[in-house]
Structures are given as C-alpha cells and as structure tokens.
Participant: 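I'd like to ask you about the structure that follows.
Note that the structure is predicted; figures quoted are calculated from it, not measured. Just so you know, ligand 1 is whichever comes first in the structure, and atom 1 is the first atom listed for that ligand.
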Amino acid sequence: MFPTAALFSLALAAVASAQQVGNLTAESHPSLTWQQCTSSGCTDVDASITIDANWRWLHTVEGYANCYTGNEFDDSVCTDGVTCASSCALDGADYSGTYGITTSGDALSLKFVTSGQNKNIGSRTYLMNGDDTYQMFQLKNKEFTFTVDMSTLPCGLNGALYFVEMAEDGGLSAYEGNEAGAKYGTGYCDSQCPHDIKFINGEANSDGWTPSEGDPNAGTGTYGSCCSEMDIWEANSQASAYTPHVCTVDGQTRCEGTDCGDGDDRYSGVCDKDGCDFNSYRMGDTTFLGEGLTIDTTQPITVVTQFITADNTTTGALSEIRRLYVQGGEVIANSATNIPGMDAYDSITDEFCESQKEAFGDQNYFGTLGGVAGMGESLDRGHVLVMSIWDDHAVNMLWLDSDYPLDKDASEPGVSRGPCGTDTGVPTDVESESPDATVIYSSIKFGDIGSTY
Ligand SMILES: *[C@@H]1O[C@H](CO)[C@@H](O)[C@H](O)[C@H]1NC(C)=O
Ligand SMILES: *[C@@H]1O[C@H](CO)[C@@H](O)[C@H](O)[C@H]1NC(C)=O
C-alpha cells in the first residue's frame, strides 16, 4: 500500500479520540536489511526502522500549530492527557534532513546533532517487521550479532543498541487513545521508567509536566514507562557495557509514585535501574577496549552476545549471557574480571552478579527482582530492538566512561568505569564540540548459537 493512502485513512479514522497521525510528511521508514541464521547459513530479511514518537513533530489535528514546543506542552491544547491525545497528531519524519538518520543496505547511521530548520539532538530508532509493527525477538538459546563503528563517539556519548519489552504494535490495540502505534514509534519503555515520554498508554504525559532545567527539548511528566531491558551495547570510543535489567512488571507498564523508583525509591520501584553490568574497564581490565587496544574502537567491532539456557533449549531458564568479539577476522574472548575478592568471570551469570555487587558494595536489586532467570522470563515475552545515540543530561554518562558516583574515591572498587575525566560528557560541551559524531550499526544477525559469526 502507498504510505500516503494509509496515512489518509488513518487520519480519517482517528478524528474522534486519540494520539493522532498527521499527514504533512508521509512516514516512509528507511530500509534496513538484517539476517536470520542457522547452522546451514544466513538469509536476508528486508526490513526497516522507525524513529521514536518523542522525536516527532507533534501538532494540532486541526491545522499545524505546535502541541509541544521546546520542552513544554501547549497548555491551551493539552488541558489534560486525554484531550491532548485527541487534539494532537504525530507526523511522518524526514529522517536524513531533520534527524541525521540514514541507511544503506544493512547499515544504519545515526548522527548526533543535526542543524536543519530545527536543531535535533540524538535519536532512538526501532527495527520494524513490516510497516506497522516492531520486529519481536525471542533471544533465549539464541545469538545476536552486529557490527558497530563508534570511532567518532567521544566521552559522554552513548551509542546504544539494546532490547526492551515493548508491545509489538506500540500499544495501538491496548489503548484507545493511541491511533499512531509502532509505525510512529509509540510505546517506549525501559528499566529506568523514564518520565520524559510524551505519550504513555495513549494519553499525553502532560499532567504535571516539568520542563527540564538543563535540556531545552525534554521534560518530565507524572508518569513513567517501565519494562525490562537487555542492554547489548552501551558504548563510546572509550568504554562499553552490556547489562540486563529486570522489572517485576510484564510488558510496558505505566508507573506513578514509588513504583517508578525515582530518587530515594530506587530500590523500591518495579525495575532494577542498576542492572548487572559487565564493563571490561570497571571489571578490572583497563586495556581491553579503547583506541588501539585489544578491541580497537578506532575500527568497526563485531559484537556477539549469546543467551545460554540451563538445558540448551529455547524454553529452559536463562542462565548465562556470554560475549565474544570479532575484529580483523579474529574471534576475541571477552575480558576476564580482575577484581580483588572476585573469581575470574567473563560472562554474566547470577554468581557473577552476586560477586560483583558484593565486591563493589552495591545492592543486588537485580538479584532481588529475579536475576538472570528473571531476565529470561521477560525475553520469553518478546523484545524490540532499539538503536540509539544520546547524551546524558542527568550525570554526563560518567556511569559508563568515568568515575561514578562522584562522592566516592576513584580508587574504591567499582567506582572507575572508564578513562574519561569527571568533567567530560557535559551535554552543552559534547553537542558543540562533536556535533558530527555518528554511530553506525550494521550486519545485524540473529540465530542459533554459533551461527552468526
Ligand atoms: C490531513 O489531511 C486532511 C485532508 O487534506 C485534512 O483535512 C486533515 O486536517 C489533515 N490532518 C492533520 C492531522 O493535519
Ligand atoms: C549445553 O551445551 C554446552 C555447550 O555445547 C555443553 O557444554 C553443556 O553440557 C550442555 N548442557 C546441557 C544441560 O545439555
């Protein structure tokens, strides 16, 4: 079907009640090929990506007045969340012009800052299955591989490729107020229960919306959007981590109050915000990944992640999340932990998590909420692939590539996570100094263990 025809009928159907679809720009998803693999080889899947709804132009259904400008909803239209959803429409995206997003064959490029008519910073995209639904992945007893070029990402940036337990249709069928759905990138959630999502459960998050003090484009509403998250790759040219985060909720779930786990509620919320991270530098091998190191971040890196189950079947309990790298034609084992009081581990297991949390004096909320097997139960329900680039207005990405938290001595175990200075990663600095920083994700492959590299 031609996109314009689909949009026209959607807009007509939507007039009564919803987070609408606008029709100034036809939504045309950039194409992206990926591969499904078995022991007998890999086959191409011709697919595409969509950009998250939060980045899209939100304008009135009647005409094209902004419903959201800078970091605020227009209160005259968005008098409450339901009214806002029925009065405002998400529009199609100009991927390269507005957002600096391009694809070619099996490669997706996300540019950090684009200065078109409106300045854009970062982006979050999802792999699609057809025009209207996200591609769902069942990762247990499978292997996921991709290649990343993050050579231009400085301290403070995060080229992130990860999975979250979003709904396949972005909440279109579950919420009357959502007429846009996955095609327009709705329904995001993650284990931080983010409050900066403009629409949750088919309603605008406009009630109690507070514009961010430091971020001219973002704010926070009363509600958060929670779900389990499997971070395959959060990284820049200086540091990287892979991290499962479990939640006690099934699927995308709107939170309010204590459940969101904000501030002092961190260890009483429904999600494990810390996760159980494997960052080679933090785990004691400071010469493993970086410029010119064993895993050389000046060159493309192929990242292999294996989801091992207790009985080697797709239905068994998830027991281990393994990591391998391929670079320059060579398969390279993950680094091993080198931390006083810890055995050598090179993968994520419950034993690794317990041992790491103890060595670092961190609370093991990951274990409390279900640990590795709990992550597996979430994976059973299916996850959506997210590819993004972002900077961090909360803590300058210090948790990834520098010393964090700042009130602890950097010599204490677990505090130092990368070589970046504690004064790096300030958004206004990275945005002005590295606007052209670009992450390229390519050669996505998914299949049986051992079949993708
Ligand atoms: C879409 O186009 C139709 C017809 O051109 C128009 O009546 C309608 O208001 C538009 N929708 C939005 C959300 O602007
Ligand atoms: C699962 O496979 C691994 C690697 O092939 C093997 O070492 C292990 O014994 C198997 N486990 C079970 C329960 O079959």
Participant: Centre of Tyr223's six-membered ring, under 6.0 Å away, within 45 degrees of the axis: is that where NZ or CZ of Arg254 sits?
Facilitator: yes

Participant: When you measure from the centre of the six-membered ring of Tyr242, is the NZ or CZ of Arg323 under 6.0 Å away and within 45° of the axis?
Facilitator: yes

Participant: Cationic tip of Arg124 within the cone over Tyr188's six-membered ring, i.e. under 6.0 Å and within 45° of the normal?
Facilitator: yes

Participant: Output every pair passing salt bridge (charged side-chain N to carboxylate O under 4.0 Å, His left out) with a member in residues 289-299, not counting sequence neighbours, ordered by first then second residue.
Facilitator: none

Participant: Side chains of Tyr184 and Asp91: donor-acceptor distance under 3.5 Å anywhere?
Facilitator: no

Participant: Is it the case that more than 12 heavy atoms not belonging to Gln138 sit under 6.0 Å from its CD atom?
Facilitator: yes

Participant: For a distance cut-off of 3.5 Å, show me each N or O of ligand 2 paired with any protein N or O, plus the separation.
Facilitator:
unit_1, atom_1, unit_2, atom_2, d
ligand 2, 2 (O), Asn312, OD1, 3.3
ligand 2, 2 (O), Asn312, ND2, 2.3
ligand 2, 11 (N), Asn312, ND2, 2.9
ligand 2, 14 (O), Asn312, ND2, 3.2

